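Nothing here was measured: the structure is a model prediction, and the numbers come from that model. We count ligands from 1, going down the list as the structure has it; atoms in each ligand are counted the same way.
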Amino acid sequence: MTLLVTGGAGFIGSNFVLDWFAAPATQGEPVVTLDALTYAGNPENLAALQGDARHTLVQGDICDRALVDQLLARHRPRAIVHFAAESHVDRSIHGPGAFMRTNVEGTFTLLEAARAYWSALEADAKAAFRFHHVSTDEVYGSLGPGDAAFTETHPYEPNSPYSASKAASDHLVRAWHHTYGLPVLTTNCSNNYGPYHFPEKLIPLMIVNALAGKPLPVYGDGQQVRDWLYVGDHCSAIRAVLAGGRLGEVYNIGGWNEKPNLEIVHTVCALLDELAPAAERGVVSSTSGQAVQRYAELITHVKDRPGHDRRYAIDARKIERELGWRPAETFDTGIRKTVQWYLAHGDWVARVQSGAYRDWVATNYAQR
Ligand code: NAD
Ligand code: DAU
């Protein structure tokens, strides 16, 4: 019994692999992580598993069919959990090509490799095999203020190159089930936050910028609404679907926690004021040169994201009804843990802010 996890060195994937070995129900089942280690993939996220015979990290590309075939033949996994993707909407606006390649072509390659492997399995192993596709609420498009939350039957209306590429991958997964009978599961989740979140995304970017006295760039009026879920809860939901989800079904995963971006940024600032006061740390504003008293002073409204979706909301009743899953964290407990994690892991933050990171920040924010 082994799992093949793609993208397991990224934010959610690494949390999933670490939680997998910590969760008693998984009984230490071995994991093979396949990850290209792009800018977003970091083997340091999995450092706690170094030397642990139950875990193997393979650096490689999901578009490399020969490599995927070889891994399937060697490790004989009973499931593939597919996280690998280009995941950042702003990057997809600046350079959509990588999103089409990894998210569409990569998912296609994995599906074909999985189909060949699964077709040749003995009856019992064939019946037990699962291809779990990890996707996003962004495929459903944008909601108005009074609209009902996304259910699993909401029409697909992706608006960004990222969400279009994820929508395409969802459709491929669906088609491989309906046409070839591949035993697939798809989960569509809302915005995650927590440890190992790369600081290009809203919450970690705000934490690291605030501590450095840099502007906190809020796109447009900051009233765009997202549903936020602590990453550990996403991992437990995936384990629940993998264990008990019905084949070919889609499960929405969410935190029942809709908040406008500006409120999120103020919450992060207030927690930093409490846990790491700017005056005590001697934080100086990088733009005014003045000492910072309250981190919220650094909030700066900047040009909006093109095609910015206004609101996402997830109706997560199906996964609760069928599998008994609900998030364990509230936003208050999750965001406090997250801020504390970043304060305790300054070395990790410093190491991921490489030259390539600084180039991206210049590309995305210089013209705003
Ligand atoms: P991430 O960008 O942090 O990690 C992606 C990982 O995939 C990285 O480790 C990267 O090296 C790897 N990767 C990229 N291209 C690859 C390739 N061609 N071959 C092999 N590995 C490759 O992303 P994340 O936030 O952890 O998201 C993981 C998955 O969850 C994605 O599929 C994303 O669409 C989905 N998702 C994310 C969120 C969120 O809030 N972050 C919410 C819902 C769904
Ligand atoms: O909804 C799930 C999705 O959530 C995932 O599928 C994506 O992989 C993940 O990146 C995330 O997408 P978002 O675009 O919602 O996340 P991001 O953190 O980039 O932005 C969250 C909100 O904050 C969004 O409305 C844009 C805004 N924002 C973001 C950044 C980086 C800002 O206002 N300022 C910023 O600097």
Side-chain angles (χ1 to χ4, degrees), residues 5-16 33-43 45-46 58-64 67-68 81-93 98-99 101-103 105-107 109-110 133-140 142 150 160 162-163 165-166 169-170 187-194 196-206 209 215-229 231 234 238 252-254 259-262 264-265 299-305 308-314 360-361 364-365 368:
V5 174
T6 72
F11 163 47
I12 306 173
S14 62
N15 276 281
F16 178 83
T33 297
L34 170 61
D35 197 297
L37 301 181
T38 68
Y39 80 90
N42 185 353
N45 298 358
L46 299 169
V58 178
Q59 180 172 7
D61 192 329
I62 57 167
C63 298
D64 181 346
L67 172 64
V68 177
V81 185
H82 176 33
F83 293 93
E86 290 291 338
S87 68
H88 189 30
V89 174
D90 292 314
R91 285 187 191 254
S92 81
I93 295 166
F99 289 72
R101 184 175 176 279
T102 287
N103 301 0
E105 187 190 329
T107 301
T109 306
L110 269 186
H133 178 56
V134 179
S135 193
T136 171
D137 59 359
E138 302 206 7
V139 297
Y140 299 125
S142 186
F150 300 130
S160 72
Y162 163 69
S163 55
S165 69
K166 290 296 291 188
S169 68
D170 292 8
T187 46
N188 292 81
C189 187
S190 57
N191 284 62
N192 286 214
Y193 65 98
Y196 303 112
H197 205 182
F198 195 76
E200 64 185 354
K201 308 282 170 60
L202 181 73
I203 289 178
L205 182 86
M206 294 299 154
N209 275 17
L216 306 182
V218 171
Y219 296 166
D221 64 3
Q223 294 308 314
Q224 304 83 4
V225 171
R226 298 288 181 269
D227 171 63
W228 294 92
L229 180 71
V231 64
H234 189 184
I238 292 172
N252 282 355
I253 303 171
K259 289 195 188 299
N261 293 338
L262 196 55
I264 296 286
V265 177
I299 293 174
T300 311
H301 287 263
V302 298
K303 197 167 147 213
D304 209 349
R305 174 186 277 174
H308 201 170
D309 286 337
R310 197 66 184 167
R311 175 177 167 236
Y312 305 138
I314 279 276
W360 161 249
V361 169
N364 192 38
Y365 296 98
R368 286 199 132 98

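At a heavy-atom distance under 4.0 Å, no atom of His88 approaches ligand 1. Residue Tyr162 touches ligand 1 through its side chain alone, judged by heavy-atom distances below 4.0 Å. Contacts between Ser190 and ligand 1, counted as non-hydrogen atom pairs separated by less than 4.0 Å, involve the backbone only. Only the side chain of Asn261 comes within 4.0 Å of ligand 2, counting heavy atoms alone; its backbone N, CA, C and O stay farther away. Residue-level proximity to ligand 1 for Ser135 is carried by the backbone, the only part with a heavy atom below 4.0 angstrom.
Atom 15 (O) of ligand 2 has its nearest heavy-atom neighbour, among Asp90, Leu229, Asn191, in Asn191. The nearest non-hydrogen atom to atom 30 (O) of ligand 1, considering only Val139, Thr136, Val134, comes from Val134. For atom 18 (N) of ligand 1, the candidate residues are Asp137, Asp61, Leu34, Ile314; the nearest heavy-atom contact is made by Asp61. Residue Arg305 holds the heavy atom nearest to atom 20 (O) of ligand 2 of all those in Arg305, Arg311, Arg310. Of the listed options Trp228, Phe11, Phe99, Phe11 places a heavy atom closest to atom 25 (O) of ligand 1. Nearest to atom 7 (O) of ligand 1 by heavy atom, out of Gly41, Ser87, Ala85, is Ala85.
In this structure, Arg91 pairs ionically with Glu200, as a charged nitrogen and a carboxylate oxygen lie closer than 4.0 Å. Salt-bridge formation is detected for the pair Asp221/Arg310: a Lys NZ or Arg NE/NH1/NH2 atom is positioned less than 4.0 Å from an Asp or Glu carboxylate oxygen. The pair Arg101-Asp61 meets the salt-bridge criterion, since a charged nitrogen lies less than 4.0 angstrom from a carboxylate oxygen.
Stacking of Arg305 on the aromatic ring of Tyr219 is not recorded, the 6.0 Å distance cut-off and the 45° axial limit not both being met.
At least one N or O atom of Leu202, backbone or side chain, sits closer than 3.5 Å to an N or O atom of ligand 2. An N or O contact shorter than 3.5 Å is missing between Val218 and ligand 2 by distance. At a 3.5 angstrom cut-off on N or O pairs, Gln224 does not count as close to ligand 2.
Ligand 2 is never approached by Lys166 to a heavy-atom distance shorter than 4.0 Å.
The aromatic rings of Trp228 and Tyr193 stand perpendicular to each other, their planes meeting at an angle above 60°, with 30° marking the opposite boundary.
Counting only heavy atoms of the protein, atom 39 (C) of ligand 1 lies nearest to Ile12 CD1, 3.7 Å.
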